[in-house]
Amino acid sequence: MGIVFAAVVCAGALSLTACSGSANSAQPAQPASTSTSASASGSTSSSTTSHSSASSHSSAAGDVSDTGSSAESSPQTQDVFSLTVGDCVNGTSVGEVTDVPTVDCAAPHDLEVFYDFDLTGDVFPGDSVVSDAAKAGCQAQFDSFVGIAYADSALDFTEYTPTQESWSSGDRTVSCVVGDPNGKTTGSLAGAAR
């Protein structure tokens, strides 16, 4: 139904992977990666990674952590574990990341964090289980955030997911991000209905 990017954070690192299944042939921008203990892949086949993973249908929205800055301000680097709903991200790539370049959402950006939720369990269930649960959780919230059914949307989503290493440190958070696979967006995609 859409291209899915999975990002996983592991002991301070985040990994992003991509999965295909989108009706759209365009691919969303990929999160920037700095590897510490998580990795991300730019493939369009189903794959899983650590900490947070993002899944894309046809968008490349990002996270915003730059507060009070103008739309022309330069990106700030933010710990991937501290991303929150409403943050916008630029220059992302697939793989494990510890820090992501965040910008004011009023400036052109690749991805926007639209939903966070926690997975459960004491034992790491495996990359594919984490990836599937993250994708399902994010897709369940996509329609209400964007204002149109995912299958009908030109936007894509992906998620940052826990890695096995970050899971052992207590990380269970999935951060869902949305964006336009055809390029950067300006402003929030909340209610964009496209």
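The residues of the chain are indexed from 1 along the displayed sequence.
Shown here for Thr84 and Asp116, the closest heavy-atom pair between the two residues is CA-OD2, 4.0 Å. Residue His109 comes nearest to Asn90 through the heavy atom pair CA-OD1, 2.9 Å, listed as atom of the first residue, atom of the second, then distance. For the pair Pro108 and Val103, the tightest heavy-atom approach, listed with the atom from each and the gap, is O-CG2, 4.1 Å. Smallest separation of non-hydrogen atoms from Thr186 and Ala106: CG2-O, 2.9 Å. Nearest heavy atom pair, residue Ala193 against residue Gly147, reads CB-O, 3.9 Å.
Looking at Asp143, its side chain does come within 3.5 Å of a backbone N or O of Tyr150 through a donor-acceptor pair. Distance alone, capped at 3.5 Å, is enough to place a donor-acceptor pair between the Ser153 side chain and the Arg194 backbone. A donor-acceptor pair is defined here as one N or O able to donate and one able to accept, closer than 3.5 Å; such a pair exists between the side chain of Arg172 and the backbone of Gly121.
Here the CD atom belonging to Gln141 is positioned 4.5 Å from the OG atom belonging to Ser144, to the nearest 0.5 angstrom. A distance of 5.0 Å separates SG of Cys138 from CZ of Phe117, quoted to the nearest 0.5 Å. Atom CG of Leu155 sits about 5.0 Å away from atom CZ of Phe142, to the nearest 0.5 Å.
Residues Asp118 and Thr173 have side chains that bring a donor and an acceptor to within less than 3.5 angstrom of each other.
In terms of the side chain to side chain contact (heavy atoms under 4.5 Å, CB included) criterion, residue partners of Phe145 (sequence neighbours excluded) are, by chain and number, Glu112, Phe114, Val178, Ser188, Leu189, Ala190. Residues passing the side chain to side chain contact (heavy atoms under 4.5 Å, CB included) test with Ser82, sequence neighbours excluded: Gln78, Asp79.
Val130 has its side chain within reach of Leu119: a pair of non-hydrogen atoms, C-beta onward, lies under 4.5 Å apart. Side-chain atoms of Pro125 and Trp167, non-hydrogen and from C-beta on, do get closer than 4.5 Å to each other.
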